[in-house]
Amino acid sequence: MTPDEIITEGWIATAGARIDAIGRGAPPATDAQNLGGGFLVPAFIDIHCHGGAGADFGSADAEQVDRAARYHRNHGTGGMLASLVTAPIEELCKQLAVIADIVESADTPLLGAHLEGPFLSQMRCGAQNPAFLTAPDVSAFRKMVDVSRGTLKMITIAPELPGAGEVVEAARAAGVVAALGHTDATFAQAATAIVRGASVATHLFNGMRPLRHRDPGPVLASLDSGIACEVINDGVHVHAAITRMVAERDPSQLVLVTDAISATGMGDGQYTLGGQPVLVENGQARLASSGSLAGSTLTMDVAVRRAVVECGLPLEVAVAAASTNPARVLGESSRRGRIAAGLAADLVHLDDELQVKNVICGGRRQP
């Protein structure tokens, strides 16, 4: 699946970690590996994920960070952000430093970190720990940028809070994507933040003032502005028709994310998120105290498959929402997110039922 078309019978040649060439018909190399049908698509890029395989990106434990990242890579995720829930600034700094170490030194799909907090609304905090929410503060933000050593890629902010606009501008100046989320903002407040530099809506519809005909809030402000809109396409956070609606308005806006927590891949049971007890039943993660949704147990391959099978999206739209569009959000379009010569040889081989058969990262097939 190239940016322009689906080649029915073709080949890809890699050179090291990059795609070298793409062609039709029989491959020129006699030792080519025949994948035997299905679809070869760009590896997925998940810009909102908290963990998996019993491991938490917010643990400040290098082994857990690495384990969660590798688990998601096995499900087709070739690039991802480690999302951190609200915590005290000093604790977030410790978590960011560990993630920076992994990004800099390991064979990992981690591209950096995403701070989901602590500058969020008490009214729309969801599964964020309200005890650690704090007012937007540019100096605190810059401290976290410094400790991340260039690996902080995104921060979610409630734009209606005093000082939020200044943090949005500081983020843009630092090369960090500013996202709107966990917010009770009005349409006007969200639109103003977008003008100031916010370019993503964090899990659209969830954790934000709902869309009403006289009070459209951040949902319509995000859709109207053309910014990227995250959707957790697990059939729990949003209805399939909502995912379809976002894609039909503008397919380039749809960004599929997992919001996966440590329970992903582990089955039902008791877990924690940001120190708060979470109960997973029938694959749904909710705070034990309030029943509020607390992330998901989704993987990107399932999100893509659901987008096609349950939401009725064309495969090329679903794949772009899981690869090309998030790559653009992160400024990575010239490096990854498409099958094109010169880009990363990060590929996923799906069978005809869109189940993952092989994952290739950096030109190497993963075990």
Side-chain angles (χ1 to χ4, degrees), residues 1-2 10-22 27 29 31-57 62-83 99 101-112 256-258 260 262 264-266 297-305 315 318-320 322-324 326-327 330 332 335-367:
M1 184 177 291
T2 73
W11 52 267
I12 293 176
T14 63
R18 299 286 166 183
I19 298 170
D20 186 50
I22 303 166
D31 61 345
Q33 300 179 49
N34 188 340
L35 295 181
F39 300 91
L40 194 64
V41 303
F44 311 133
I45 299 172
D46 187 1
I47 63 173
H48 191 153
C49 180
H50 297 282
D56 189 341
F57 285 139
E63 187 279 328
Q64 286 199 45
V65 172
D66 183 60
R67 174 156 41 105
R70 289 176 184 275
Y71 171 81
H72 285 282
R73 182 165 64 185
N74 290 339
H75 287 269
T77 298
M80 64 190 308
L81 298 186
S83 296
I99 291 166
D101 290 342
I102 297 290
V103 172
E104 292 172 349
S105 65
D107 171 24
T108 177
L110 283 184
L111 302 176
L256 296 177
V257 298
T258 65
S262 63
T264 306
M266 300 297 290
T297 58
L298 186 65
T299 52
M300 287 294 283
D301 57 328
V302 175
V304 169
R305 189 162 59 250
L315 178 60
V319 168
S323 56
T324 309
L330 298 178
E332 290 278 326
R335 291 179 285 274
R336 66 189 78 246
R338 296 169 293 137
I339 295 181
L343 272 62
D346 295 345
L347 310 165
V348 180
H349 178 207
L350 303 173
D351 65 18
D352 290 337
E353 283 70 48
L354 306 184
Q355 301 281 349
V356 173
K357 292 191 69 177
N358 297 286
V359 178
I360 300 165
C361 285
R364 293 181 296 161
R365 188 176 297 196
Q366 301 303 304

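Below, all heavy atoms of this structure are taken into account, side chains as well, without hydrogens, waters or symmetry copies.
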How far apart are the closest heavy atoms of [X] and [Y], and which atoms are they?
X	Y	value
Ile47	Pro326	CG2-CB, 3.9 Å
Ala43	Ser323	O-CB, 3.5 Å
Pro109	Ala69	CG-O, 3.5 Å
Asp352	Gly38	OD1-CA, 3.5 Å
Val65	Ile102	CG1-CG1, 4.0 Å
Ala345	Thr14	CB-CG2, 3.8 Å

Side-chain donor or acceptor of [X] paired with backbone N/O of [Y] under 3.5 Å:
X	Y	result
Thr108	Leu110	yes
Arg365	Ile360	no
Arg67	Ala53	yes
Thr264	Gly52	no
His72	Gly51	yes

Hey, are the side chains of [X] and [Y] touching, using non-hydrogen atoms and a 4.5 Å cut-off?
X	Y	value
Thr77	Val359	no
Leu350	Val356	yes
Met1	Leu315	yes
Leu35	His349	yes
Leu347	Val41	no
Asp301	Val304	no
Phe44	Leu256	no
Leu343	Arg335	no

* Pair Gln366, Arg70: side-chain N/O donor-acceptor within cut-off below 3.5 Å ->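 No donor-acceptor contact under 3.5 Å links the two side chains.
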* Asked: Side-chain donor-acceptor pair under 3.5 Å between Thr258 and Asp46, yes or no?
  ->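 Yes, because at least one side-chain N or O of Thr258 sits under 3.5 Å from a partner of the opposite role on Asp46.
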If you measure from [atom1] on [X] to [atom2] on [Y], what distance do you get to the nearest 0.5 Å?
X	Y	atom1	atom2	answer
Met300	Arg305	CE	CZ	12.5 Å
Asn34	Trp11	CG	CH2	14.5 Å
Ile45	Leu111	CD1	CG	6.5 Å

* **Charged N-O contact under 4.0 Å between Lys357 and Asp351** =>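 Here Lys357 does not pair with Asp351 in a salt bridge, since their nearest N and O are not under 4.0 Å apart.
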* Looking at Arg73 and Asp66, does any basic side-chain N land under 4.0 Å from a carboxylate oxygen? ->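 Salt bridge between Arg73 and Asp66, a charged N being under 4.0 Å from a carboxylate O: no.
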* **Parallel, tilted or perpendicular: rings of His48 and His50 (30°, 60°)** =>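 The rings of His50 and His48 stand perpendicular, inter-plane angle above 60°.
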* Asked: Can Ile12 and Leu40 be said to form a side-chain contact (heavy atoms from CB on, under 4.5 Å), step by step?
  -> CA-CA 10 Å; Ile12 293 176; Leu40 194 64; 3.4 Å; yes
* Asked: Run the side-chain contact (heavy atoms from CB on, under 4.5 Å) check on Phe57 and Ser83 step by step: do they pass?
  -> CA-CA 7 Å; Phe57 285 139; Ser83 296; 5.9 Å; no
* **Within 6.0 angstrom of Glu104 CD, more than 12 heavy atoms from elsewhere** =>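 More than 12 heavy atoms, drawn from other residues, nucleotides or ligands, come within 6.0 Å of this atom.
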